[in-house]
Amino acid sequence: MIITEELAGTAEAVSKILGSEVECQDGTYQLKTKRSVYVKNSKVLDVSLSLDLDISFSLSDEGPDGSNEARVCLMPEELAAFTQALIAHPLYFPISYSQHMTMECGMYCIRLTSQEPPEVFAERLVAALDALG
């Protein structure tokens, strides 16, 4: 089993990168937050939406890599910028990276999973979210 201080240090580092509290449940660290999106549909209608952002990671005693997962909901006009920022990030994708996209209620929901240090996963994710403005 990983030393508790190491887990706490990783959770604190990820919390700082993501700018939100990370909670532990059954050995898995989770962060659930929302991001606000402002949409102007016409001269008359302006809409402000709150979209989910779910992130989780767990660590094992076999090294620094963790099992990471994020679910990000995006407006259609955000998809290209988000995807391009993921690809252009200086930290390369690990060999065990996957991305799955579905469409729900007119929004894209992307599920990202990887086996890598949680801090690296969080940095890449934050950079992609920052690209949205």
Side-chain angles (χ1 to χ4, degrees):
M1 187 72 180
I2 292 181
I3 303 168
T4 305
E5 292 101 28
E6 185 177 342
L7 284 173
T10 299
E12 184 177 329
V14 170
S15 180
K16 283 182 181 180
I17 293 167
L18 297 169
S20 186
E21 284 291 315
V22 176
E23 297 178 5
C24 182
Q25 291 183 353
D26 300 326
T28 299
Y29 289 85
Q30 298 177 334
L31 175 139
K32 292 183 185 278
T33 189
K34 297 195 179 281
R35 63 182 193 88
S36 297
V37 177
Y38 178 75
V39 180
K40 185 169 180 93
N41 286 339
S42 68
K43 294 179 182 177
V44 179
L45 183 62
D46 292 340
V47 179
S48 183
L49 301 173
S50 183
L51 302 179
D52 292 335
L53 175 61
D54 298 333
I55 302 165
S56 66
F57 66 92
S58 60
L59 299 172
S60 71
D61 55 359
E62 298 175 9
D65 289 353
S67 296
N68 307 290
E69 184 173 326
R71 182 177 175 273
V72 181
C73 293
L74 301 168
M75 300 299 295
E77 58 271 16
E78 295 177 316
L79 182 62
F82 182 82
T83 305
Q84 183 57 38
L86 283 176
I87 293 167
H89 196 272
L91 299 173
Y92 297 120
F93 292 115
I95 293 171
S96 59
Y97 173 86
S98 71
Q99 183 173 311
H100 178 76
M101 183 173 61
T102 59
M103 187 151 212
E104 299 173 18
C105 301
M107 291 181 288
Y108 291 104
C109 293
I110 299 178
R111 185 174 153 258
L112 311 167
T113 59
S114 73
Q115 291 282 39
E116 63 185 320
E119 299 91 341
V120 173
F121 181 78
E123 286 177 25
R124 188 182 307 106
L125 181 60
V126 166
L129 291 169
D130 285 348
L132 302 178

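Side chains are part of it too, since the values below use all heavy atoms of this structure and drop only hydrogens, waters and symmetry mates.
- Residues Pro94 and Gln115 share a closest heavy-atom pair of CB-O, 3.7 Å.
- Interatomic distance, OG1 of Thr102 versus CZ of Arg111, reported as 10.0 Å (0.5 Å rounding).
- Expressed to the nearest 0.5 Å, how far CZ of Phe121 lies from OG of Ser56 amounts to 8.0 Å.
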Assess whether side chain to side chain contact (heavy atoms under 4.5 Å, CB included) is satisfied between Leu79 and Ile110, documenting all intermediate values. CA-CA 9 Å; Leu79 182 62; Ile110 299 178; 3.5 Å; yes
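- Here the CZ-NE2 distance, from Arg71 to His100, works out to 10.5 Å after rounding to the nearest 0.5 Å.
- When all heavy atoms are compared, the tightest approach of Leu91 to Glu123 is CD1-OE1, 3.4 Å.
- Judged by distance alone, with hydrogens and angles left aside, the side-chain atoms of Glu78 form a donor-acceptor pair with the main-chain N or O of Met75 at under 3.5 Å.
- A chain of hydrophobic side-chain contacts below 4.5 Å, direct or via other Ile, Leu, Val, Met, Phe, Trp or Tyr residues, connects Leu132 to Leu86.
- Of the candidates Thr113, Asn68, Leu112, Tyr97 forms a side-chain contact (heavy atoms from CB on, under 4.5 Å) with just one, namely Leu112.
- The structure places CD of Glu69 at 10.0 Å from OG of Ser58, a figure rounded to the nearest 0.5 Å.
- Going from atom CG of Leu125 over to atom CG of Asp130 covers 9.5 Å, rounded to the nearest 0.5 Å.
- Heavy atoms from other residues, nucleotides or ligands lying under 6.0 Å from CD1 of Ile87 number more than 12.
- The two atoms that bring Cys73 and Cys109 nearest to each other are SG-SG, 3.1 Å, heavy atoms only.
- In plain terms, the two heavy atoms of Phe57 and Pro118 that are nearest each other are CD1-CG, 3.5 Å.
- In this structure, Tyr108 OH and Leu74 CG are separated by 10.0 Å, a value rounded to the nearest 0.5 Å.
- No chain of hydrophobic side-chain contacts below 4.5 Å, direct or via other Ile, Leu, Val, Met, Phe, Trp or Tyr residues, connects Val120 to Ile95.
- A side-chain donor-acceptor contact under 3.5 Å links Arg124 to the backbone of Tyr92.
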